[in-house]
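Read the structure below first, then the notes.
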Amino acid sequence: MVTVRYFAGARAAAGLETEARDAGTLAELVGQIVADHGERLERVLTACSFLVDGTQTRDRSVALAPGAVVDVLPPFAGG
């Protein structure tokens, strides 16, 4: 299992702050969350970056180890 944490617009689109998923890759995880949370989250994800255990990636082929934490980060405004 991996923990998914949603921030800002991704949290609003998913309708929750965190959830647990069983996925082996980031691509598999994204497919699951889009299937469950719908088109609104899918649109937000096109602009998101991901942190996998604190390391930023946009490579959806990255493997997810059991216990990994994936942060879904939309672009932030401000300064």
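We use all heavy atoms of the structure for the numbers below, so side chains are in, but hydrogens, waters and symmetry mates are not. Numbers for residues simply follow the sequence, beginning at 1.
When side chains are defined from C-beta on, L26 counts as touching V70, because their heavy atoms get closer than 4.5 Å. When side chains are defined from C-beta on, F7 does not count as touching E17, because their heavy atoms never get closer than 4.5 Å. Between F50 and V62, every side-chain heavy-atom pair lies at or beyond the 4.5 Å cut-off. In this structure the side chain of L16 never reaches within 4.5 angstrom of the side chain of R5, judged on heavy atoms. Under the 4.5 Å side-chain criterion, counting only non-hydrogen atoms from C-beta, L29 is in contact with L64.
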Using side chain to side chain contact (heavy atoms under 4.5 Å, CB included), reason through L45 and I33 one step at a time and then give a plain yes or no.
CA-CA 10 Å; L45 291 177; I33 63 177; 4.1 Å; yes
Report the C-alpha distance between L73 and S49 in whole Å, list the side-chain angles of each, state the deciding distance to 0.1 Å, and finish with yes or no for side chain to side chain contact (heavy atoms under 4.5 Å, CB included).
CA-CA 5 Å; L73 304 170; S49 60; 4.0 Å; yes
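Counting all heavy atoms, side chain and backbone alike, A10 lies closest to V72 at CB-CG1, 3.8 Å. Of all the heavy atoms in P75 and A47, the pair that sits closest is CD-O, 3.4 Å. Counting all heavy atoms, side chain and backbone alike, P74 lies closest to G9 at CG-N, 3.7 Å.
Sorted by first then second residue, the salt bridge (Lys or Arg N to Asp or Glu O under 4.0 Å) pairs that include residues 42-56, not counting sequence neighbours, are E39-R43.
Formation of a donor-acceptor pair under 3.5 Å by the T18 side chain with backbone atoms of V4 is found in this model. Of the possible polar contacts, one joining the R11 side chain to the Y6 backbone as a donor-acceptor pair under 3.5 Å is found.
No continuous path of hydrophobic side-chain contacts links V44 to V34 [ILVMFWY only; heavy atoms under 4.5 Å].
How far CZ of R21 is from CD of E28: 10.5 Å, rounded to the nearest 0.5 Å.
Side-chain N/O atoms of Q32 and H37 include no donor and acceptor closer than 3.5 Å. A side-chain N or O of D59 and one of S61 form a donor-acceptor pair less than 3.5 Å apart.
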